[in-house]
Amino acid sequence: FSFPRPERIARVGARGLAGFRLSRAKRDTLMRLARAFAQGTLSEDGLTRLSDQEVVERLTRIRGVGLWTAEVALLRGLGRPDAFPAGDLSIVKNLAVGLLGRQAPATEREMRELSESWRPHRSLVLIYLYAALGEAKARVEA
């Protein structure tokens with residue numbers, strides 16, 4: 001799939017995103033990000049040169065971008081090896097219950113504490129955990 005460049009998203013504006021069934025808050029945040037990239041306030045090269053913490057600080061300055069979004073950008077957008085979006089519902093629920101033997105979802109804080117032992121490769125551990133979870137679910141369904 002080819003994703004549109006930020007310049008195109010900024011150019012089509014909010015009306016151009018109407019068919020994607022985004023909430024107004026998500027749409028507005030997406031527009032702010034697209035404009036920041038289109039105007040050069042943000043750039044992938046610029047973010048690449050920053051530390052993980054600096055990327056999180058930079059992105060969360062944009063209204064509507066929270067810690068989860070910034071950590072997912074580190075993981076999926078920038079391919080950082082030690083990103084861990086501990087507040088992700090999938091992590092606190094599916095991984096905690098499905099693989100870690102918990103009876104209930106973990107808290108974000110619990111998952112952050114657990115993930116500390118995986119530094120500096122938390123992104124890779126997360127990928128392996130999801131693969132293991134997928135295999136476990138496939139065995140149960142078989």
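Predicted model only: the values in this text are computed from it and were never measured.
The shortest side-chain heavy-atom distance between W68 and T60 does not fall under the 4.5 Å cut-off. Taking the side chain as every heavy atom from C-beta outward, D45 and R49 approach each other to under 4.5 Å. With a 4.5 Å cut-off on side-chain heavy atoms, F3 and I9 do not count as touching. Considering only heavy atoms from C-beta on, T69 stays 4.5 Å or farther from T29 through its side chain. Contact of the R58 side chain with the V65 side chain is not registered, since no non-hydrogen atoms from C-beta on lie closer than 4.5 Å. Between L59 and L47 the shortest side-chain heavy-atom distance falls below 4.5 Å. When side chains are defined from C-beta on, L126 does not count as touching W118, because their heavy atoms never get closer than 4.5 Å.
Both L114 and V125 belong to a common hydrophobic cluster when Ile, Leu, Val, Met, Phe, Trp and Tyr are linked at side-chain heavy-atom distances under 4.5 angstrom. When the side chains of ILVMFWY residues are joined at heavy-atom separations under 4.5 Å, either directly or via intervening members, L67 and L89 end up in two distinct hydrophobic clusters. A continuous path of Ile, Leu, Val, Met, Phe, Trp and Tyr side chains, each step under 4.5 Å between heavy atoms, connects L78 with V56, placing both in one hydrophobic cluster. Tracing side-chain contacts under 4.5 Å through hydrophobic residues (I, L, V, M, F, W, Y), one reaches M111 starting from L133; they form part of the same cluster. Transitive grouping of hydrophobic side chains (ILVMFWY, heavy atoms separated by less than 4.5 Å) brings L50 and L74 into a common cluster.
Taking a cutoff of 4.0 Å between a charged side-chain nitrogen and a carboxylate oxygen, E113 and R109 qualify as a salt bridge.
Taken from CZ in R61 to CG in L42, the straight-line distance is 9.5 Å, to the nearest 0.5 Å. Here the CG-CZ distance, from L33 to R63, works out to 12.0 Å after rounding to the nearest 0.5 Å. Rounded to the nearest 0.5 angstrom, E108 CD and F84 CZ are separated by 10.0 Å. Here R80 contributes atom CZ and T48 contributes atom OG1; the two are 6.5 Å apart, rounded to the nearest 0.5 Å. Rounded to the nearest 0.5 angstrom, E71 CD and D52 CG are separated by 9.5 Å.
Under 3.5 Å, the side chains of S115 and R112 contain no donor-acceptor pair of N or O atoms.
Of all non-hydrogen atoms in A34 and A10, the two that sit nearest each other are CB-N, 3.9 Å. Between D82 and S123, the closest heavy-atom pair is N-OG, 3.5 Å.
By the 6.0 Å contact criterion, CD on E116 is enclosed, its count of non-hydrogen atoms from other residues, nucleotides or ligands being greater than 12.
Annotation: salt bridge (charged side-chain N to carboxylate O under 4.0 Å, His left out) contacts involving residues 6-22, sequence neighbours excluded, comprise R5-E7.
When atom types are taken as modelled, the side chain of R32 and the backbone of I62 share no donor-acceptor pair closer than 3.5 angstrom.
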